[in-house]
Amino acid sequence: MYSATQIRDLPGLIGQTVTVYGWVATTRPKGKIAFTVLRDGTGYLQCVAVKQELGEQAWETVHQLTQETSLAVTGEVREDKRSPGGVELGVQSLTILGGSTDFPISKKEHGTAFLFEQRHLWLRSRRQVAIMRIRNEVVQAIRDFYYQRDFTLVDTPLLTGAVGESAGTLFETEYFDLGKAYLAQTGQLYVEAAAAALGKVYCFGPTFRAERSKTRRHLTEFWMVEPEVAWNDSDDNMKLQEDFVSYVVERCLERCREPLEVLERDRTRLEQVTPPFPRVSYTDAIEKLKQAGCDVRWGQDLGGDDETTLAQMFDRPVFVYDYPREVKAFYMKQNPEDPRTVKCNDCLAPEGYGEIIGGSQREDDHDLLLGRIREEGLPEEAYGWYLDLRRYGTFIHSGFGLGVERTVAWISGVPHVREVIAFPRMMTRLYP
């Protein structure tokens, strides 16, 4: 029964009779002819039913079709350049498999609060399908990039006792008799250990931040890829980042033409994303922002508006490097040329999407790292294993984290990250 043909394969089957399974996207009866657009996850297909070519019962079934009814349709594949995919199906028979009464999402305008309450159904819309296809390509491109360059994937724990970022943004839980555990903000500390074993490594998975932020750039659960490379310094780190980002964008331009068209994405902006990316020191960035009228001072972190203003000065992503140590994490390498700063960088995407990468050379000096841990008031016993990496064969190494959702939002041209993950988790959303 279920030996169906996928819609994406139909252009090569013109003249043949096939059976397609799918869901009704739209239906439009017009006298003795009815037009139904069917979707099956691989594409969209116009099905043309003619009353005189169908029996009375089949014609009655055509008029029972409603939005999201699931059905099997058998018919002849015909060329029609005006139809989606360049083909249509001349209906010979059809069977309703699952009815759909009063589907809650109609063609009328719905508010985002309503749509996210119906997220499990909203995912079926053409726009959401396009976004998910781009996300899928981004994820596959990430894996291919590192596989092709001989990186080893290392799966890091989601439950940890060591804090990678600000302790104030942790989700905590009781862990049996061992006290508190935390949902991981990053796998970075663990891939540093793996880099000493394997040289070039990365982890890739969900991470969690309990930030009380409601901006369009924040989720409480998001995906991040974090490579770590032995013997790479900060400059090497930025070179890897620009090669990586350029590769991912190029893959989407090459393989996601249709989804980008559905989203009406301006491809010319993405076509400019090629190495090298501009590099601006934090100190110079502050001066540029002051000249642009921003209220900033040396020593403070850059806010979202500052990042947008700075990125608008360039036609591709830009690196801001060597931030003040007070606004960055304890594990970042002290800058020998200016001890007020650390050897780190943020990669800012253009068009107002802000930071998509945060990276740094790691502090490889045991005593300096221990001092930073104490400055931050972190429990030394939780970082004993991390300090061991500096006790036993310390080495120069660097890495970074790229946020998948921000990257997908930028490539897709979607204004808010909540649309680029199937079921977003935010301060105010835990359903569905």
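Quick caveat: nothing in here was measured; it's all calculated off a predicted structure.
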* Please determine if R406 forms a cation-pi arrangement with Y353, meaning its NZ or CZ atom is less than 6.0 Å from the six-membered ring centre and no more than 45° off the ring axis. => no

The single option from E264, E419, E261 that satisfies salt bridge (charged side-chain N to carboxylate O under 4.0 Å, His left out) with R127 is E419

Check the pair V320 / R279 against side-chain contact (heavy atoms from CB on, under 4.5 Å), numbers first and verdict last. CA-CA 6 Å; V320 181; R279 299 186 183 188; over 6 Å; no

State, with a plain yes or no, whether a side-chain heavy atom of R209 is found less than 4.5 Å away from one of T220. no

Intermediate values then yes/no, side-chain contact (heavy atoms from CB on, under 4.5 Å), L159 and T173:
CA-CA 9 Å; L159 285 169; T173 184; 4.1 Å; yes

Given salt bridge (Lys or Arg N to Asp or Glu O under 4.0 Å), test K81 with E79 step by step and report yes or no.
CA-CA 6 Å; K81 297 190 182 299; E79 183 175 17; 3.0 Å; yes

inquiry  = Between E307 and E355, is there a side-chain heavy-atom distance shorter than 4.5 Å?
reply    = yes

Against the six-membered ring of Y247, is R149 placed for a cation-pi contact (under 6.0 Å from the centre, within 45° of the normal)?
yes

- Please determine if K200 and D150 form a salt bridge, counting it only when a charged side-chain N lies under 4.0 Å from a carboxylate O. no

Q) Should the pair R217-E211 be classified as a salt bridge under the 4.0 Å nitrogen-to-oxygen rule? A) no

Q. Side chains of T5 and T19: does their closest heavy-atom pair fall under 4.5 Å?
A. no

Is it true that atom CD of Q148 has more than 12 heavy atoms of other residues, nucleotides or ligands lying nearer than 6.0 Å?
-> yes

On the 0 to 90° scale, with breaks at 30° and 60°, tag the F204-W223 ring pair as parallel, tilted or perpendicular.
-> perpendicular

Shortest non-hydrogen pair, V91 vs C47, comes out as CG2-CB, 3.7 Å

Shortest non-hydrogen pair, A311 vs A349, comes out as CB-O, 3.5 Å

_Greater than 12 external heavy atoms within 6.0 Å of F314's CZ_ = yes

**OP:** Would you kindly say whether R362 and S398 are connected by a side-chain donor-acceptor distance under 3.5 Å?
**Re:** no

- prompt: Between the side chains of D346 and Y321, is a donor N or O closer than 3.5 angstrom to an acceptor N or O?
  reply: no

**Asked** If you count the non-hydrogen atoms of other residues, nucleotides and ligands that lie under 6.0 Å from CZ in R267, is the total more than 12?
**Response** yes

- request: Taking the six-membered ring for Trp and the full ring for Phe, Tyr or His, determine whether the centres of Y383 and Y331 are under 6.0 Å apart.
  value: no

May I ask you to check whether over 12 heavy atoms, not counting those of K290, lie within 6.0 Å of atom NZ? yes

Taking the side chain as C-beta and beyond, is there a heavy-atom pair between K333 and D364 under 4.5 Å? yes

Short N-O contact, D80 and R78, less than 4.0 angstrom: no

| said: Is the shortest side-chain heavy-atom distance between L71 and L38 below 4.5 Å? | reply: yes

With L121 as partner, the option from R119, E117, R124 fulfilling side-chain contact (heavy atoms from CB on, under 4.5 Å) is R124

(Q) Checking Q361 against H397: is there a side-chain donor and acceptor pair closer than 3.5 Å? (A) no

Notebook entry, point to check: For the rings on F244 and Y146, is their centre-to-centre separation under 6.0 Å?
Noted result: yes

query = Just wondering, are more than 12 heavy atoms of other shown residues or ligands nearer than 6.0 Å to OH in Y175?
reply = no

Requested in this report: Determine, stepwise, if the pair Y282 / V327 fulfils side-chain contact (heavy atoms from CB on, under 4.5 Å).
Outcome: CA-CA 12 Å; Y282 167 86; V327 300; 5.8 Å; no

Q: Output yes when K239 and D243 qualify as a salt bridge under the 4.0 Å nitrogen-oxygen rule, no when they do not.
A: yes

Could you tell me if R251 and Q140 have a donor-acceptor pair between their side chains, going purely by distance under 3.5 Å? no

**Item:** Close side-chain approach of E192 and L389, heavy atoms under 4.5 Å
**Value:** yes

**Item:** Salt bridge flag under 4.0 Å for residues K343 and D322
**Value:** yes

- Query: Any side-chain heavy-atom pair from L260 and I134 closer than 4.5 angstrom?
  - Reply: yes

- side chain to side chain donor-acceptor pair (under 3.5 Å) between T207 and T186: does it pass, once the steps are laid out? CA-CA 6 Å; T207 51; T186 172; over 6 Å; no

In terms of side-chain heavy atoms, does S100 have a donor or acceptor partner in T66 at a distance below 3.5 Å? no

If you count heavy atoms of other groups shown closer than 6.0 angstrom to CG of D305, is the number above 12? no

| said: Pair L170, Q185 - check side-chain contact (heavy atoms from CB on, under 4.5 Å), show working. | reply: CA-CA 7 Å; L170 289 166; Q185 302 163 312; 3.3 Å; yes

Residue E250 excluded, over 12 heavy atoms near CD under 6.0 Å:
no

- Message: Checking R265 against S412 for the side chain to side chain donor-acceptor pair (under 3.5 Å) test, could you report, in this order, the C-alpha distance in whole Å, the side-chain angles of both residues, the deciding distance, and whether it holds?
- Response: CA-CA 6 Å; R265 182 63 164 108; S412 303; over 6 Å; no

Paired with Y190, the ring-ring contact (aromatic ring centres under 6.0 Å, His included) test is passed by just one of Y386, Y202, W385, namely W385

Is V139 close to V225 at the side-chain level, that is, under 4.5 Å between some pair of heavy atoms? no

